[in-house]
Each structure stands twice: as C-alpha cells, then as structure tokens.
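What follows is a set of notes on a single structure, which appears directly below.
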There are 2 protein chains.
Amino acid sequence: MTERQSQPVSSPSSPQRRRGKNGDGDKRHDAIYRAISDAIIEHRLKPGARLREDALSDVFGVSRTGIRKILQRLALEQIVTLTPRRGASVTRPTADEAKDVFDARQMIECGLMEAVARRITAADIDELRDMAKRERDALRVGEQSTAIKLSAAFHERLAQLSGNATLADFVARLCSRSSLILAVYGSSGHLGCESHDHDELVRHLEAGDGERAKTFMSRHLKTIESSLSIVEEEDQTPDLYRIFAE
Amino acid sequence: MTERQSQPVSSPSSPQRRRGKNGDGDKRHDAIYRAISDAIIEHRLKPGARLREDALSDVFGVSRTGIRKILQRLALEQIVTLTPRRGASVTRPTADEAKDVFDARQMIECGLMEAVARRITAADIDELRDMAKRERDALRVGEQSTAIKLSAAFHERLAQLSGNATLADFVARLCSRSSLILAVYGSSGHLGCESHDHDELVRHLEAGDGERAKTFMSRHLKTIESSLSIVEEEDQTPDLYRIFAE
DNA sequence: GTCAACGAAAGCGTATACAATGGGGTCAGA
DNA sequence: TCTGACCCCATTGTATACGCTTTCGTTGAC
C-alpha cells in the first residue's frame, strides 16, 4: 500500500540531503518498536537498564523524535519507565505489581478458556502444538531468550483465539509484564511456563473441555507465580528510591 | 482548567522568545490530555470528529510536538484513531469492538466485585454514594455530559477499590471506550447506567455481599448493552474506509 | 455538460536546533 | 580525609523548519 509504484518525479536537481529513508513510512518505527520490545521480553535488556535516546537513535538510524515516540508507547505498556528528567529505563516491577499482574492473568486468561475451547479449530490446535514444540526445542538447545518469547507468544495466541481482541490485547500486555517479573523475581533455573503444561492445555482444548482447560490454566499460572521468589531484595544498592520516593 | 493563572517568572533578563511556559513541566501536557479525553468522554467531541494538530496546538498554546504526544497516547487507549496520513479523529467503534468491550467489562468488573466487597471501607461507601448522588443530580438538571463522566468515574473508582491497579487501569480504558460506544450506538433517551443501579450496587457492597454485587453488576452491564441499538448504520457518509480498506 | 488531469494548498512526518535541568566531578575548606 | 559547594557536561524537553503526501479546486478537452 505504501510502496511507490510510480517512479517519483523528485526533482533531480535536489541533492539528497536527507538520509533518503523517507519512503518507509512508519514500517520502520514498528520494526524498531518490536526490536526493543523483544529485547526486553527476551531479557537481553534487563530491568533497570537505561535506554538513552541518543544511543537508540544512533543504533537504529532514526532521529530522537521517532525514538521518543516508541519509548512513550513502551512506557504506556509499562515495560519501560519514563522518569521525567532522567530518561527511559526498563521497568523494574515491584512485588505489588507482580501480584496484580498474576491476579489479572488468573482472571482474564482463565475466563477466556471457555470461549477458546468453543471456538478453536483443528488448524489452531496444530499451530499451538507447533509453538509449544518450538518452545520445548528452544529450551532443550539452551536458547532461553527464544523460549521466553515463545512462551509469551503461546499465551497471547491463545487469548486471540477467544475472538475478543480487547481482552487478547490485555493478555498481551500482561505477558510482556510477566516476562519482566520473571526477570526480576524468577529463579534462574526455570523460566516460568513448563512447556509440558502447554501441551496438556492444548489437549484439553482439543477435547473441547473448556472447564478443565480453565482449571488447568489456573493451576499453570499459580505454578509460575509460586515459583517466583518475591522478596523485595533491598540488599545491595538499597534502592532508596523505592523506599522513600515513588 | 486550561487558563494559565500564574504568570511564569520567566527570568526578566531574557526576552521571552519562547511563549514562556517552560516552568510547568509536563503538568501542562497532562492537563491537555485530560481536557481532550474529557471532551471525548462527555460527547462534546463526537466519534468521527477530526482532531487537527495545528488547531489543537493553537487552542492549547503548545506546539505540535506536544499535541502529537498526547494524540498518540489517546490512540493507544483507542479513543482516538490515527490514520497514517490523515491525522487523528475520535474513534468510531465498530459493532464487534462494542461487543468485545462489554464482554470484557462483564468478565473484569464482575470478577472484581468479590475483592471490592471484601476490602471496601465506610469512607469508600460514602464516596461512592456521593458520586452516585452527583450523577443523579446531573441527570436531573439535564447535564448529560457531566452525568456520563460521573458514571464512568463511578465504575473506575469501584475497580480501584479492588486493590488491583492493573485491572483498575483496564476498567478505566473500557469505560472510556464504552462512552464512545454509547455515543455511537446509544439511543439518545437514556445514557447507559441508571443511577439507581449504582445505589443498589453500593448497598450490596455495604452489606459485604460480594456474590450479590457480582450478579447485580452483571445484570447492570447487560442492561446497558441491551439498551444499545447496535446496527452498523452505513447510511450517511457511508464510511467506505471500513468497507474496503482496514 | 461532464470527466479527467494538473496545480496549489493544507496538513502530517521527521529531523534538527536550542534551552533547561539534573548529575557528576573537582576543588577548597575544615 | 571527608564533606560541601560550585561548575560543566550529558541528556532530556520543546519548538520550529522543511519535505512529502494527499486532497480539493480549477481548467481544459471531449
């Protein structure tokens, strides 16, 4: 749609003073958004990491204006924190936030299971199985980053299958934030979802048993949450910020 | 709200080349955000209304940069639609979106009632009663705009009382979008919530009866939804966008 | 008379420039 | 040596300028 089929006349006299990337439109911005978002979700950017606008604009070759737009979007999704004069950094969720997020997932994801079981098709089941398999493979090879992202993608896709785009969007947000929570409070040993859980969940959905899928999802989420060690570690670098300010 | 009361100190030596509003920080932006958001929620800006950046920057006295930031935020909350080269306009929800929003409200707001009933205090009850009363008063006087906003505020406050900030935020989003849905699909006679419903809801919460509050909230939302006449009226200005593109 | 094509204007997208604030480093004094 | 204050630099906040796309109006031709 945005591709120029007609060769632009573009007065040949004008030397390209711009870095000649005007044609892309906002495709570029979306790509950058996803690049940063993925890096955060995959824990390649850890909570607390600073995201300087200059550095990002250098890396991606767009000016700070575009970077700021992306950063604001990430901030609204609460995976980046925008401190007024200090710039952006990867959000470090508090224990309260972690509890809220998992409670919200309990309510929404479990509540969605019934609709998913009703509407799911054979192709959907294949897709979910494939995602679960790729997640397992990634885990086996040791690619934790990929596994984390695939795990979140599984939950997101599941929510989409409910047919409710709004709630699916909420779930996507919650999954992103969950990834951050795992980065902060998760023990490094396992990273949240056991992929066998995902397989079993698909099995229940295939059987059309929404009720069982719901209870299983509830247990699944509880398992993840209880595997976290949610203790506001105020040890090194006592984080006086959280104690007094905020 | 939008009037600048305090003349900025604006170092006397420097000739005010800027329009001397540097002191405020981003308080100003938040005020503008709320001004636009309120105008939309109160139906003073109707769905489909165009929001030109130049005009807004003139009205509020900030440059287009700040306006764009605010518009993006509103777009992410889905009460403003950002068409790539056409600018911003107040979102006109589709019938599908309307259904999604009300289904989501059913799930989340009803699911929250139990926690609210458990945690609510006497002061909270007084506050809710006051809000319900002000809503009724506004309706009686004929101030529909105020009534609409108060109704949304009631639901938002209720969600906040659950203690889950994340879900409360979701509810706030859903209420904003609901206001848009009412603007498009609501019959002009009544505007969604009957304020007596809110009073009865508070009564159940006061009694600590979360179960009954939950079922009542469910019926309350169903009443609102069924009062809508959700028919994609493709009459005037046939909205060819939705038919072909998108 | 109608349709199409060209031109001008308006409005959005992006970059860059400038100002202000906060932090860190250094120097001085106790 | 430690503490406090001051200054400079790094980094963000905001505005403005410029180019491009889109749209609307006008004119010409069929």
Side-chain angles (χ1 to χ4, degrees), chain A residues 1-33 49-75 80-89 240-241 245, chain B residues 8-33 49-75 80-89 237 240-241 245:
Chain A
M1 180 85 51
T2 53
E3 64 197 10
R4 54 186 81 178
Q5 70 286 15
S6 69
Q7 193 45 244
V9 189
S10 82
S11 53
S13 63
S14 77
Q16 76 278 13
R17 69 182 63 175
R18 294 295 176 84
R19 253 169 300 173
K21 59 184 155 3
N22 254 336
D24 311 286
D26 50 358
K27 298 287 170 66
R28 175 121 211 161
H29 280 202
D30 223 57
I32 298 172
Y33 162 79
R50 292 201 51 180
L51 303 170
R52 285 189 297 109
E53 297 177 355
D54 279 352
L56 291 173
S57 67
D58 276 350
V59 168
F60 291 108
V62 297
S63 84
R64 276 181 48 221
T65 309
I67 296 295
R68 287 179 67 83
K69 187 160 85 176
I70 292 164
L71 250 27
Q72 280 166 33
R73 182 168 162 193
L74 291 166
V80 152
T81 300
L82 238 48
T83 314
R85 291 276 172 183
R86 300 280 309 278
S89 58
L240 297 175
Y241 295 116
Chain B
V9 189
S10 78
S11 53
S13 63
S14 75
Q16 77 279 13
R17 69 180 63 176
R18 294 295 177 82
R19 255 167 300 172
K21 61 192 153 352
N22 254 335
D24 311 286
D26 52 357
K27 299 286 171 67
R28 175 120 213 160
H29 280 202
D30 224 56
I32 297 172
Y33 162 79
R50 293 201 51 182
L51 302 170
R52 285 190 299 108
E53 297 176 354
D54 282 352
L56 291 172
S57 67
D58 275 351
V59 168
F60 291 108
V62 297
S63 84
R64 276 180 50 221
T65 309
I67 296 294
R68 288 180 66 83
K69 188 160 83 175
I70 293 164
L71 250 25
Q72 281 166 32
R73 182 169 164 193
L74 291 166
V80 153
T81 300
L82 238 46
T83 313
R85 291 276 173 184
R86 300 280 310 279
S89 59
T237 62
L240 298 174
Y241 295 115

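The chains referred to below are lettered A, B, ... by the order of the sequence lines, with proteins before strands, and numbering in each begins at 1. These values consider heavy atoms only, across backbone and side chains, with no hydrogens, waters or symmetry-generated copies.
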Would you say S63(A) places a side-chain N or O within less than 4.0 Å of OP1 or OP2 belonging to dA15(C)? yes

Less than 4.5 Å apart, side chain to side chain, heavy atoms only: is that true for L56(B) and L71(B)? yes

Atom pairs, N/O to N/O, protein against nucleotides 7-11 of chain D, distance under 3.5 Å?
| from | atom 1 | to | atom 2 | distance (Å) |
| --- | --- | --- | --- | --- |
| dT11(D) | OP1 | R52(A) | NE | 3.4 |

Does E53(A) have any side chain to side chain donor-acceptor pair (under 3.5 Å) partners at least two apart in sequence or in another chain, and if so, which? R64(A), R68(A)

At less than 3.5 Å, do the side-chain atoms of R64(A) and the base atoms of dG13(D) form a donor-acceptor pair? yes

With sequence neighbours excluded, tell me which residues meet side chain to side chain contact (heavy atoms under 4.5 Å, CB included) with R73(B). L76(A), D30(B), Y33(B), E77(B)

Applying side chain to side chain contact (heavy atoms under 4.5 Å, CB included) to D58(A) and not counting sequence neighbours gives none

What is the distance from CD1 of I67(A) to P of dT14(C), rounded to the nearest Å? 12 Å

Going by side chain to side chain contact (heavy atoms under 4.5 Å, CB included), name the residues that satisfy it together with T65(B), two or more places apart in sequence or in a different chain. S63(B)

Atom CG of D58(B) and atom P of dA15(D): how far apart are they, to the nearest Å? 12 Å

Spacing of L56(A) atom CG relative to dT14(C) atom P, expressed in whole Å: 17 Å

Partners passing side chain to side chain contact (heavy atoms under 4.5 Å, CB included) against A55(A) (at least two apart in sequence or in another chain): R52(A)

